[in-house]
Amino acid sequence: MTPDERPVPEPTPETERFWEAASEGTFLLKLCDNCGLRFFYPRAHCPDCFSDSVRWVESDGIGTVYSYSHTKRDPQLQHWPDRFFPIVVAFVELAEGPKVLSRIVDCDPEDVEIGMEVEVEFENWGDSGRVVPVFTPAER
Amino acid sequence: MSSKEPVYIAGAFEHPTREAPDKSQKQLHAEVARGALDDAGLTKDDVDGYLTTGVPVTEPALEPLVMADYLGLDPTFTDSSDIGGAAFISHVAHAASAIRDDRCDIALITLGARMKTRQEEITKDEWKFHHEFEWPNAATTLLLYAMAAKRHMYEHGTTSEQLAEIRVAASHHAQYNEHALYQDPVSVEDVVESPTIAEPLHLLDCCVVTDGGGALLVVSEDVKQRIDRECVEVLGHGESIFHLDGGRMDITRTGATNSGKRAYEEAGVGPEDVDYASIYDSFTITVLETIEDLGFCEKGNGGEFVEDGSLKAPDGDLPFNTDGGGLASNHPGRGGMTKIIEAVRQLRGEANPEVQVPDARIALAHGTGGYLSTRHGSSTLILGSDNR
């Protein structure tokens with residue numbers, strides 16, 4: 001079995017709060033108080049109007065698949081253990097607006113389709129202590 | 001046509017190697033520099049401008065310092081701007097601007113890479129530059145381009161068979177290139193029946209990975225007048241960066257939308273004037289989206305456009321990548337270099353005879369660096385033959 005040597009997300013002062021919230025089961029977006037844009041990935045300014053009056057807001061974590069792909073193996077994922085494959089990568093278009101790069105888990109890759117409703121789930125990365133948001137097909 | 005002082009490409013050389021385990025990366029730079037200098041009939045001491053990027057893979061950059069020292073250059077102008085595979089296409093334009101501003105007269109641009117030889121040595125630390133919100137989600141090169149293809153298929157009905165046509169045309173050209181990594185022609189069936197690497201992309205939708213490189217010499221009008229070599233004129237250029245835009249991106253579009261427009265405007269030509277196009281081909285989808293965004297067909301119609309051999313030289317509507325391109329011949333990392341070199345060959349009438357476009361006067365070379373779906377640099381260069 002391949003040991004789990006995946007590169008762990010390394011938070012910066014701009015993103016620490018995001019990862020803390022994820023470990024508490026909350027997916028955070030940034031909201032710009034100046035222009036109203038909800039954006040992802042989080043940063044200390046609005047990428048549209050460049051205001052620094054931005055704050056964290058909770059996302060409902062509900063969205064649809066904007067695009068996806070899956071692979072059984074990829075040389076750039078040599079540090080990912082076998083149990084993660086086939087791996088499904090997706091852009092999820094959140095109900096709040098932004099498209100978020102993530103993964104779809106607990107779903108046969110062949111069942112994933114564009115437009116499918118998904119909801120956030122939190123994947124615990126064991127010893128690293130990091131919790132990474134991923135998505136699963138929405139409960140109907 | 002622009003009233004700017006004319007600037008030319010006077011030397012172009014592609015390294016014939018595709019695997020060079022016995023050579024250092026810097027050595028490849030030196031060999032291609034010699035090749036381009038010999039092509040133009042110039043010497044190293046003539047060079048007063050130097051541009052490169054992608055040299056030390058694991059150190060802080062300082063690339064012009066490292067390479068000027070190694071090559072023994074004394075440049076008065078240097079540039080190492082890096083927008084990935086599109087970088088060297090931008091370097092030609094940056095060199096042209098420097099020449100017009102009298103910062104240099106003869107600019108050398110070099111690429112040397114050991115993508116093939118180093119492939120097995122990639123450590124996880126090297127991928128840390130990938131975004132903290134992307135790498136933990138396995139956002140690899142393959143998967144990011146595959147997602148662009150998936151969305152294009154969803155919005156426009158593009159098919160795997162249509163993407164395959166792009167590889168078929170590239171391989172058709174590669175059979176005449178003695179240096180191409182893969183010289184066997186392939187069929188649409190061969191492509192769609194090759195293993196699926198990342199849904200919906202098949203193995204033959206992906207570019208090759210090679211060692212190698214290339215070099216160019218960009219020169220002033222004065223230099224052109226005193227050398228005995230057919231030159232190619234730099235007519236126009238545009239560059240652009242497309243990114244996530246806070247999560248509002250459209251992954252079926254590329255920066256070619258903007259870079260192409262600027263390049264056409266500066267050159268005073270349109271897509272209908274282009275006799276030959278080198279289109280960056282990291283994957284077949286890269287070509288398809290780029291062809292649309294450069295205005296060779298309506299957005300979304302790229303699939304229909306590439307059917308029926310329209311990309312095949314010499315008689316197709318848009319002969320492309322006549323060396324076999326990155327899909328079949330050569331992709332030494334930042335592949336924009338080889339895109340320019342084949343465009344120069346076409347305009348000089350020095351492409352392989354079976355794929356030489358008759359009377360090629362206007363050529364376009366386009367680079368796409370980085371990643372469709374997240375962030376990429378686009379650079380479009382328009383070149384003209386000396387006998388236009």
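Values in this document were obtained by computation on a predicted structure and should not be read as measured data.
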Cationic tip of A:Arg6 within the cone over A:Trp80's six-membered ring, i.e. under 6.0 Å and within 45° of the normal?
yes

Which atoms of [X] come close to chain A, meaning under 4.5 Å heavy atom to heavy atom: side chain ones, backbone ones, both, or neither?
{"X": "B:Leu201", "result": "neither"}
{"X": "B:Thr196", "result": "neither"}
{"X": "B:Met153", "result": "neither"}

Below 4.5 Å from any heavy atom of chain B, which atoms of [X] appear? Answer side chain, backbone, both or neither.
{"X": "A:Val89", "value": "both"}
{"X": "A:Val134", "value": "side chain"}
{"X": "A:Leu94", "value": "neither"}
{"X": "A:Arg43", "value": "side chain"}
{"X": "A:Pro86", "value": "neither"}
{"X": "A:Phe91", "value": "both"}

For chain B, the option from A:Thr15, A:Val100, A:Ile87 that forms the most heavy-atom pairs under 4.5 Å:
A:Thr15

Do the ring planes of A:Phe40 and A:Phe27 sit parallel (below 30°), tilted (30 to 60°) or perpendicular (above 60°)?
parallel

Over 60° means perpendicular and under 30° means parallel, so tell me whether B:Tyr145 and B:Phe283 are parallel, tilted or perpendicular.
tilted

B:Asp211 (side chain) donor-acceptor with B:Thr117 (main chain) under 3.5 angstrom:
yes

Would you give the length of the straight line joining atom CZ of B:Arg114 to atom OG1 of B:Thr210, rounded to the nearest 0.5 angstrom?
12.5 Å

Have B:Glu239 and B:Ser259 got a donor and an acceptor in their side chains that come within less than 3.5 Å?
no

Quick one: do the B:Tyr371 and B:His243 side chains pair a donor with an acceptor below 3.5 Å?
no

Sidechain N-carboxylate O distance under 4.0 Å for B:Lys299, B:Asp293:
yes

Out of B:Ile251, B:Ile197, B:Leu142, which one racks up the most heavy-atom pairs below 4.5 Å with chain A?
B:Ile251

